[in-house]
Amino acid sequence: MSYNWNWWIFFEPSLDGRNTYLATLLWGACWTIATSICAFALAMLLGSVVGVARTTPVAWMRGVGVVFVEMFRNIPLLVQMFLWYFVLPELLPRDAGMWLKQLPNGQFYTAVVALGLYHAARMAEVVRAGLESLPKGQRMAGQALGLTLPQTYRDVLLPMAYRIIVPAITSEFLSCTKNTSVAIAIGLVELTGSARAMQENSFQIFEAFAAATTLYLMINLVIVFVMRGVESLAVIPGYGEAQRKESLV
Amino acid sequence: MITLHNVTKSYGKFKVLSNCTTSIAKGEVVVVCGPSGSGKSTLIKTVNGLEPIDSGEIIVSGIRVSDPGTNLPMLRSKVGMVFQHFELFPHLTIIQNLVLAQVKVLKRSKSVAEKTGMALLDRVGLVAHAAKFPGQLSGGQQQRVAIARALAMDPIAMLFDEPTSALDPEMINEVLDVMVELAREGMTMMVVTHEMGFARKVANRVIFMDRGEIVEDAEKEDFFGTPRSERAQHFLSKILVQ
Amino acid sequence: MITLHNVTKSYGKFKVLSNCTTSIAKGEVVVVCGPSGSGKSTLIKTVNGLEPIDSGEIIVSGIRVSDPGTNLPMLRSKVGMVFQHFELFPHLTIIQNLVLAQVKVLKRSKSVAEKTGMALLDRVGLVAHAAKFPGQLSGGQQQRVAIARALAMDPIAMLFDEPTSALDPEMINEVLDVMVELAREGMTMMVVTHEMGFARKVANRVIFMDRGEIVEDAEKEDFFGTPRSERAQHFLSKILVQ
Amino acid sequence: QSGGTLAKIAESGEVTVGHRDGAVPFSYYDDQQQAIGYAMDLCAHVVDAVKVKLDKPDLKINYMPVTGTTRIPLLANGTIDMECGTTTNNVERQKQVTFSTTYFVAGVRILSKKSAPIETMADTAGKSIVTLAGTTSVKIINDADNAENLGLTIHVVKDLAEGMLMLETDRAVALIFDDISIAGAAATSKSPGDYQISKQGLSVEPYGVMLRRDDPEFKELVNTTLEQLYESGEITAIYDKWFTQPIPPRDVNMNFPMSDQLKAAIANPTDDPNPEVYR
Amino acid sequence: MLSGFDYQVVINALPYLFLTGMTFTLKLTVLATIGGILLGTLLAVMRLSRHRLLSMPAAGYVNLLRSTPLLLVIFWFYFLVPFLAQWVMGSSTPVRVDPFWSSVITFTLFEACYFCEIVRSGIQSLPQGQSSASKALGMTDAQTMIYIILPQAMRNMIPLILTQTIILFQDTSLVYVLSITDFLGAAAKIAQRDGRLLEMYIFAALVYFIISLLASHAVRLLQKRVAIIR
Ligand SMILES: Nc1ncnc2c1ncn2[C@@H]1O[C@H](COP(=O)(O)OP(=O)(O)OP(=O)(O)O)[C@@H](O)[C@H]1O
Ligand SMILES: Nc1ncnc2c1ncn2[C@@H]1O[C@H](COP(=O)(O)OP(=O)(O)OP(=O)(O)O)[C@@H](O)[C@H]1O
Ligand SMILES: [Mg+2]
Ligand SMILES: [Mg+2]
């Protein structure tokens, strides 16, 4: 009843008859990366807009921001995927629904949208926290110089807020990458999905999962490495040091 | 130049300003003092519309600040403001701090703005630091940059909110010196400060606030000579004891 | 009472204290001043072992602080300390702040500790606030509570690290008053402060530090009269100009 | 034999039956969320035999739902002791697990909408089709795709219900899987009349109870039990109960009389994975 | 298709959805939270320890699990736990572990990593001055930890811990991929039996939404109550 290890399995042809198992895993990793990058780009964009909306003095914009955030972070991601994939096309007019369903790579687009919105809600909170962590005087200083509200956000508040939240962006990006795996529930064959498929067909469970875990670790490392670079670009001479000094005293 | 009439403002039930009335003529220097929480910062911020008011009227150089139709950014560009915590933009170099609003608001060309900026940095003695970031300067230097940044907009009046109270004692004077010079040149100034030495030296009038009211509004000589209200007396005795 | 001999301490390559030697007799009040970052806070914290030292010797009431075998908690309970930012325990009420260490360290009964605590609150004029939390008091009140908390341990000496520099100007005096009274009652005190008024009034000696060194260690009259070092002169001129 | 399933059952006092949750009428849930079906009935006989063999009339029986993905790992790691569902006995799987005597012979076929009928694999060229993860159909489809260059988009889903959902919502034009299962899925769907099953079978799929390898003692017991049912003819009654009469929960009738292939397999019980044996 | 929205399907399914599905989900959430906090605190203390022998393995474990998707972790443990149990109990064969307990173990081991980071930063974020002040009064390191640091750290952490619990509540829905009958699993089973996927998915989304929203609202209220007046 003991488990039969077989590490050579990676070089055997997989079910599709064309690629080895290793190649299918790597393809899966590519889908993971593509989904994650697209979804996170969407999340950054929308999240910034919503995060800014939540800090404006305009009441209705704040309201819209709250609704967006609460909506997308209080429903499990998996359920959101189902809603986008199975429910949305049924709610649309018939032709639009059909078009949506027959879109090639529909799972990919669905996963990008679902993940993008889910993480946009969380990015919005991150951006908001970044903006709120700035001294209140910064906004006033910008406005006191005659900058309009949009100018104040663009030239004064956001450049600082983004710098402050770089670490939080990193961890959101990592979490977004991991969450792409939920898309296997709608049939996207990303990394976890291809490991699962390999396991189903080769029955080498632990080899498949070990390989997937290793690939995830590598993707993580790359992201962390790249974001370190971003972080060092974002450093402002004198700024961090002052902070550090303060925390010592 | 600046007129406040019956200005009132509340946060919920709490009245921060009640019926404040005063006016500042061109070239006048007015010092505002009073205990913590008395509404000094709020009052000074209503002047350029950073704090909206509930009722009353504020007129700055003929413009009614509290009117909904007022172009606030335009007004604000004409009134300089200096904050307790400097509020330089930390991601911009010193010269960029001075250039930003000139370009975005006054639509000056970048080269003109930089020239104006350098001239002002020279005036506050900081040309050498133009390429540094705010975090690399001492507090006193940062506050002088903040004053230069406000001056770069060619303001018709300047507002100061406790410009020296976040500074180490050794740096206070380098900032006060710049302000004294500004006053001597005839700038209209409204200054919230506890530095009574400064008030004695350059103020024309002193306004004393307590619990949101203007309790005292007197010529400098009268204020330091025979303050009328008991509260002002009490405050002065506390602050001048040293 | 307190003796420091050749005390030296570094963070990495940076020398925070170098060869500091001084001593404070029973009942003496010593003021420590000097520019920011000169090592004043570090020096005062070495006295009760909050900052370990690299070399040298510190003896407090016969106990060698830097000995590895020293019972530091016991020593510290005998030396009161007051911090710049008060450091009251925010999750405990005022009276609980005063009671905690009495019960846990001195093993007093709760009722005795409360009695002592209330007596001390009375002394600093805050009995009415005993049941409040620190966050509900003003800065000046909090600092008075912090002094009372230190006194509750019946200390043989008191250390103050810029006790008034985080306070609004109006509150500084209410804290200084308590300290002046304490000095008059004969408490041994080591005070880091920029309040030269306080130094003039009650200090016996003034220590001036710069870059980790004790540059000046003089009787009060000598210090304010004819300071010897240039650095001290420069510092005083800046701080006293107003 | 130490380490065998029977020893494990004896030691723990419980036996765990793995089942599917939507494989009508082999093993699926009734109204009360109890696992029922043809395979479940057969396995109940096996469990009874275990009770007798171990002399443990109060043996505790656990039921555990499995999917195409989880059934083999869960059997291997001891979570379940046998799997009773629609698992095809084939050579690849025999490397990891073993199977009892065949109790059903299915064939992979194509379910499609009558409005867009599909008869052969060639009809699916360039379209989206759906099948079930971890099943033999995946390989059959991939082989056909490669051999005939069909350019298929193949969706692989977790279970039959999701597969039906894909077909129902037009995400896929065809659901390709074992004929009896797709018949069950179509019969229990919202509008059974909308669907059709291809005449042509793509393969032969002998079903058996899936068991751990290298445990001849337990396999022997299972086979003996099944063969007794076959010999006594009891199997006919059980078969009819599920395939030719209305079944819970909604009294649908599968109308699926016993095929000649199955009759042959019952007359000559075999656990051979080779499809040719059943043709 | 929406016109055919069938409320009756949902109403008929309510007992099963809540008595079986939601009970499973809530039990799993509560047990995994408790287990996660206990294990997480232990890991946090290990990570803060000065001994590398303690801090390194804890850090390695936390970082490994935090860079792996929960779904993959679920697959891993679902198949691995019986082998682990065999090893722990010294049994000759892999031990059958009930899917519920298997899920509890999986989520405990996974969430512990996140709770570990919450506890760790909760302790680290307190101002240095507080422990200085405590020590200056003569209190020992242990007394400082017990009377000064932990009470404040705990209050700061409670909202984060509860928020993490809400995330955990939502994450439990992922056991769906194993055909386990949690709330989403129950909804999916009914949906497939009755062919009513739209109704069931929308209803499931609504239930998760309402519970999470109410819970996070409650956390915010609680946060105000336990917050230290500053
Ligand atoms: N956004 C706000 N919401 C509620 N109350 C506020 C707000 N801003 C200010 N206040 C209150 O209004 C009062 C006046 O504040 P203000 O800052 O104008 O006082 P101040 O005289 O400048 O005090 P300080 O000397 O401490 O700067 C204070 O009691 C303050 O607590
Ligand atoms: N933990 C530490 N690590 C490294 N450097 C430190 C640390 N603590 C203090 N320093 C440095 O030691 C020097 C002396 O610090 P200290 O706080 O004693 O100065 P100070 O005279 O009290 O200044 P201030 O008036 O600003 O309170 C400073 O330059 C400070 O940056
Ligand atoms: Mg103010
Ligand atoms: Mg200090």
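Order of the sequence lines fixes the chain letters, A, B, ..., with proteins taken first and strands second; residue numbering starts at 1 for each chain. Just so it is clear, the model here is predicted, and its values are computed rather than measured.
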Notebook entry, point to check: Does the side chain of Glu87(C) come under 3.5 Å of the side chain of Ser132(E) through a donor N or O and an acceptor N or O?
Noted result: no
Check: Where on Phe83(C) is there a heavy atom nearer than 4.5 Å to chain E: the side chain, the backbone, both, or neither?
Finding: side chain
Next item on the list: Measure centre to centre between the rings of Phe77(E) and Phe107(E), then say whether the value is under 6.0 Å.
Entry: no
Note to self: For Phe110(E) and Tyr114(E), I'd like to know if the aromatic rings sit close, meaning centre-to-centre distance below 6.0 Å.
What the structure shows: yes
Next item on the list: Evaluate the side-chain proximity of Phe198(C) to Thr164(C): yes if any heavy-atom separation is below 4.5 Å, no if none is.
Entry: no
Next item on the list: Please state whether the side chain, the backbone, both or neither of Gln130(E) comes within less than 4.5 Å of a heavy atom of chain C.
Entry: both
Checklist line | Residue Val82(C) versus chain E: region with a heavy atom under 4.5 Å | finding: neither
Margin query: Heavy-atom pairs under 4.5 Å with chain E: which of Leu72(C), Asn48(C), Leu88(C), Val105(C) has the most?
Written below: Val105(C)
Check: With respect to chain E, which residue among Met81(C), Arg149(C), Lys104(C) yields the maximal number of heavy-atom pairs within a distance under 4.5 Å?
Finding: Lys104(C)
Margin query: For the residue pair Thr42(C) / Glu51(C), report whether a side-chain donor-acceptor contact shorter than 3.5 Å exists.
Written below: no
Margin query: At a 4.5 Å cut-off on heavy atoms, which part of Ser131(E) comes close to chain C: side chain, backbone, both, or neither?
Written below: neither
